[in-house]
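Just so you know, residue 1 is the first one in the sequence shown, and it goes up from there.
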Amino acid sequence: MKILVISIFVEDQDKALEFYSEKLGFVKKEDVPVGEFRWITLVSPDEQDGTELLLEPNNHPAAKEYQKKIFADGIPATMFGVADINKEYKRLLEQGVKFTMEPTKMGELTIAVFDDTCGNLIQIVEK
């Protein structure tokens, strides 16, 4: 068994697609109409056959409430790995990404947290 797709709730699929592809550098893999919304997945440019990130509409009241509450409590919705967190932090700042936590050493890990502009906090980690 392996993880094929993980999802993240987003307020606006088009805005999320733009942010995750243009700012973060993920590559769109799927973009298929599904009723009122779309099945939009992205992958790492380095692992295009790897795990897909689904931009899941938060139209269900439970999804909206969950997303709103974890954001308010400062809890990241997911985590992405980076090779050099300081380099990535600088690159993302130059892209206009707003961080809620700059790179911080936590034991053997260094983490940072940013706002994805779509209702989520995202953590990046260098191991």
Side-chain touch [X]/[Y], heavy atoms, less than 4.5 angstrom:
X: Asp31; Y: Leu17; answer: yes
X: Ser21; Y: Lys28; answer: no
X: Ile8; Y: Leu54; answer: no
X: Ile111; Y: Pro103; answer: no
X: Val32; Y: Ile40; answer: no
X: Val27; Y: Gln48; answer: yes
X: Ile122; Y: Asp115; answer: no
X: Val125; Y: Ile85; answer: no

Could you measure the distance from the [atom1] atom of [X] to the [atom2] atom of [Y]? Nearest 0.5 Å is fine.
X: Glu30; Y: Leu55; atom1: CD; atom2: CG; value: 12.0 Å
X: Thr100; Y: Gln123; atom1: OG1; atom2: CD; value: 9.5 Å
X: Leu24; Y: Leu42; atom1: CG; atom2: CG; value: 9.0 Å
X: Leu53; Y: Ser7; atom1: CG; atom2: OG; value: 8.0 Å
X: Tyr20; Y: Cys118; atom1: OH; atom2: SG; value: 6.0 Å
X: Lys98; Y: Thr117; atom1: NZ; atom2: OG1; value: 10.5 Å

Could you state whether [X] and [Y] fall into the same hydrophobic cluster, counting links through intermediate Ile, Leu, Val, Met, Phe, Trp or Tyr residues with side-chain heavy atoms under 4.5 angstrom apart?
X: Ile124; Y: Met79; result: no
X: Val113; Y: Phe71; result: yes
X: Leu121; Y: Val82; result: no
X: Ile75; Y: Met106; result: no

With side-chain contact (heavy atoms from CB on, under 4.5 Å) as the criterion, how do Thr78 and Ile6 come out once you've worked through the C-alpha distance, each side chain's angles and the decisive distance to 0.1 Å?
CA-CA 9 Å; Thr78 195; Ile6 61 166; 4.1 Å; yes

Keeping Asn86 on the side-chain end and Tyr89 on the backbone end, is there a donor-acceptor pair under 3.5 Å?
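Not at all, since once roles are kept as given, no pair shorter than 3.5 Å links the two residues.
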
Is a side-chain N or O of Gln13 found less than 3.5 angstrom from the main chain of Arg38, in a donor-acceptor match?
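Judged by distance alone, yes, a pair lies under 3.5 Å.
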
If I compare all heavy atoms of [X] with all of [Y], which pair ends up nearest, and what's the gap?
X: Asn120; Y: Ala77; answer: OD1-CB, 3.7 Å
X: Asp14; Y: Asp12; answer: N-OD1, 2.9 Å
X: Ala112; Y: Phe99; answer: CB-CE2, 3.9 Å
X: Gly50; Y: Val43; answer: O-CG1, 4.2 Å

Decide yes or no on salt bridge (charged side-chain N to carboxylate O under 4.0 Å, His left out) for Arg91 and Glu88, but give the supporting numbers first.
CA-CA 5 Å; Arg91 183 186 77 78; Glu88 192 66 17; 2.7 Å; yes

Can you check side-chain hydrogen bond (donor to acceptor under 3.5 Å, both in side chains) on Glu11 and Asn58, steps first, answer last?
CA-CA 6 Å; Glu11 297 166 339; Asn58 72 349; 4.8 Å; no

Verdict with reasoning, Lys23 to Asp116, per salt bridge (charged side-chain N to carboxylate O under 4.0 Å, His left out)
CA-CA 9 Å; Lys23 303 277 186 192; Asp116 76 350; over 6 Å; no

Start with the C-alpha distance between Phe80 and Phe26, add both sets of side-chain angles, then the distance that settles ring pair (Phe, Tyr, Trp, His ring centres under 6.0 Å), and finish with yes or no.
CA-CA 11 Å; Phe80 301 134; Phe26 290 114; 5.1 Å; yes

Give the ring-plane orientation class for Phe114 versus Phe19, where under 30° counts as parallel, over 60° as perpendicular and anything between as tilted.
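If you compare the ring of Phe114 with that of Phe19, the planes turn out tilted.
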
Please step through side-chain hydrogen bond (donor to acceptor under 3.5 Å, both in side chains) for the pair Thr41 and Glu52, ending with a clear verdict.
CA-CA 6 Å; Thr41 64; Glu52 297 175 44; 2.7 Å; yes

In this structure, are over 12 heavy atoms from other groups packed under 6.0 Å from Lys69 atom NZ?
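No, because the 6.0 Å sphere around NZ of Lys69 holds 12 heavy atoms or fewer from other groups.
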
